[in-house]
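Below you'll find the structure, written out as structure tokens, and then a few comments.
Keep in mind that the numbers below use all heavy atoms, side chains included, and drop hydrogens, waters and symmetry copies. Chain letters run A, B, ... following the sequence lines, proteins first and then strands; every chain starts at 1.
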Protein chains: 2
Amino acid sequence: MSPADDSTPRGARARARIEVTAAIKDEARRQLAVDGAAKLSLRAVARELGMVSSALYRYFPSRDDLLTALIIDAYNSLGESAEAAHRKTAGAAPAQRWVAVCEAVRGWALGNPHEYALIYGSPVPGYSAPEATVPAASRVGLLLIGITREAYQGRGLAKPRLPAELRPEAERMTADLAPDLPPETVTTLVAAWAQLYGLIGFELFGQFKRVVEDRATFFRHAVGQLAHGVGLVHGE
Amino acid sequence: MSPADDSTPRGARARARIEVTAAIKDEARRQLAVDGAAKLSLRAVARELGMVSSALYRYFPSRDDLLTALIIDAYNSLGESAEAAHRKTAGAAPAQRWVAVCEAVRGWALGNPHEYALIYGSPVPGYSAPEATVPAASRVGLLLIGITREAYQGRGLAKPRLPAELRPEAERMTADLAPDLPPETVTTLVAAWAQLYGLIGFELFGQFKRVVEDRATFFRHAVGQLAHGVGLVHGE
DNA sequence: TACAAAAAGAGAGCACTGCTCTTGCTTTGG
DNA sequence: CCAAAGCAAGAGCAGTGCTCTCTTTTTGTA
């Protein structure tokens with residue numbers, strides 16, 4: 001995760017530290033998958049690893065620091081799933097790539113519900129994500145921007161309307177996120193990005209219970225509509 | 001909250017029980033607003049109320065039961081805010097009512113972030129919402145259905161396209177939720193419902209930090225687009 | 001190579017949590 | 001009137017995050 005400044009760890013101790021750190025995170029991830037973030041216990045992790053709880057604080061100075069490490073890993077794991085779907089659809093139409101990436105995000109979420117809740121559910125109280133999580137957290141968003149850019153550079157796309165009151169904000173966002181795209185598109189894109197997580201969250205957290213049954217099909221259709229809204233669909 | 005079967009409590013003891021129960025919930029809500037659900041402590045609540053912790057278990061058999069009561073209250077509080085906005089816009093165009101209700105939901109969420117997180121964030125681990133929460137949880141959804149119905153009965157509305165693979169599910173949802181509306185509309189409506197919470201959740205949980213600044217304007221536009229997608233906007 | 005410094009583990013302990021059980025006291029209803 | 005039910009209080013259990021001290025082990029360097 002951290003950049004490998006010197007790929008040769010200075011000694012046996014440094015190597016051991018890396019291994020123990022990884023072991024702690026692995027065991028913590030295991031407990032996370034079973035019981036969720038709120039029940040993750042440092043003492044239980046240490047117990048399972050055969051070490052005493054106070055020794056664990058040599059590796060993570062607090063429970064929140066462990067959680068932060070897990071959050072960054074989760075963002076990266078999710079990002080890799082999404083990027084894999086993106087790669088696999090190279091050459092396909094932008095709308096299809098969009099749907100594929102969205103489905104990869106959904107699939108990862110369904111497969112790792114507690115990790116998903118950790119990063120996109122309510123943040124752990126009193127905990128605000130440190131700056132270190134930003135790059136990992138951006139990966140999916142960048143992917144969606146990339147797909148849109150590809151479509152735009154390919155043949156342009158239908159711009160949604162933009163009310164005058166939103167234009168300043170739209171131009172600010174555009175300058176920050178994708179200066180080569182029209183503000184109308186960037187605005188819709190950001191909304192679609194948030195809406196994607198609404199769809200996934202409702203499914204994952206049980207709001208669709210007794211409402212939506214064929215959730216995969218429903219999701220595919222909904223994110224297809226999102227792609228349409230962004231302007232990725234030309235034909236028909 | 002609970003239906004007043006006999007509005008005259010049988011005696012002084014019953015009255016006291018109601019009052020103590022309310023006091024516990026109030027204090028718990030106070031702590032919830034400050035520290036969030038995970039740090040809500042029965043002992044702290046009891047302490048603040050001048051009672052010993054074990055006495056609290058006469059009123060709520062467990063921490064989860066207290067949380068469930070708070071969840072139902074939160075759903076109802078949110079529902080009332082939304083319904084107030086709905087009433088206040090009686091006679092207005094459906095799209096305007098839609099936006100007003102969505103803004104009421106957002107306003108309530110921003111004003112009660114921890115309560116919002118309690119009901120729409122990641123569910124408390126190992127905790128699945130009991131059936132008792134269903135009616136309270138449905139109020140906002142019913143409102144959105146009502147607005148759409150009003151628009152439909154008024155002058156009909158533009159139906160979005162519906163792919164064949166989704167038609168069975170769309171018809172099932174329609175039969176369950178609003179048999180008098182076209183399946184195309186119901187499907188889009190359910191998606192919009194989830195997407196609304198995506199928009200609010202991203203704002204509330206910090207995902208829009210350094211991305212969207214003028215969030216009120218952005219939100220108004222985004223939910224206006226949702227209304228458009230459902231078919232509530234006729235003109236222009 | 002000897003040695004001080006840094007890193008790591010072990011254990012005890014503090015203040016807190018949810019929850020249970022027992023012991024008394026008070027209100028209630030037959 | 002009096003047993004029964006409801007309620008409060010206190011002690012106690014097992015667990016938590018975290019800190020502090022003490023000892024051992026591994027370092028980089030004089």
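The nearest whole Å value for the distance from the CG atom in B:D65 to the P atom in C:dT20 is 11 Å. Computed from coordinates, the A:R58 CZ to D:dT26 P distance equals 15 Å when rounded to whole Å. Here the C1' atom of nucleotide C:dG11 and the CE atom of A:M51 are 15 Å apart, to the nearest Å. With rounding to whole Å, B:R47 atom CZ is found 15 Å from D:dA9 atom P. What separates CD1 of A:I24 from C1' of C:dG9 is a distance of 12 Å, to the nearest Å. Distance CG (B:D35) to P (D:dG17): 18 Å, rounded to an integer number of Å.
Of the side-chain N and O atoms in A:Y59, one or more sit less than 4.0 angstrom from OP1 or OP2 of C:dG9. OP1 or OP2 of D:dG17 lies within a sub-4.0 Å distance of a side-chain N or O belonging to A:S41. Contact annotation: B:Y57 does not reach the phosphate of D:dA9 (side-chain N/O to OP1 or OP2, under 4.0 Å). Between A:R17 and D:dT27 there is no side-chain polar atom (N or O) within less than 4.0 angstrom of OP1 or OP2.
Out of C:dT20, D:dT19, C:dT17, the shortest distance to the side chain of B:S54 is found at C:dT20. Considering only the side chain of B:R63, C:dG18 comes nearest among C:dA8, C:dG18, D:dA9. Here the nucleotide nearest the side chain of A:R43, chosen from D:dT16, D:dA9, C:dA8, is D:dT16. Listed nucleotides D:dA8, C:dT28, D:dG17 differ in distance to B:R13; the shortest reach to its side chain belongs to C:dT28. Which of C:dG18, D:dA8, C:dT20 sits closest to the side chain of B:L42 comes down to C:dG18.
Contacts of A:L40 with the nucleic acid, taken as non-hydrogen atoms under 4.0 Å apart, involve only primed sugar atoms and P, OP1 or OP2. Note on A:L56: nothing from the nucleic acid sits closer than 4.0 angstrom, heavy atoms only.
Salt bridge annotation for A:R172-B:D214: absent, with no cationic side-chain nitrogen under 4.0 angstrom from a carboxylate oxygen. Salt bridge B:E27/B:R30: present, at least one basic N to carboxylate O contact under 4.0 Å.
Position along DNA chain D of the nearest nucleotide to B:S53 versus B:V20 favours B:V20 as the more 5'-ward residue.
A:L70 places none of its side-chain heavy atoms less than 4.5 Å from the side chain of A:E115. With a 4.5 Å cut-off on side-chain heavy atoms, B:L144 and B:V230 do not count as touching.
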Should A:W98 and A:T148 be marked as a side-chain contact (heavy atoms from CB on, under 4.5 Å) after you check the CA-CA gap, both sets of side-chain angles, and the distance that decides it? CA-CA 8 Å; A:W98 174 284; A:T148 307; 4.1 Å; yes
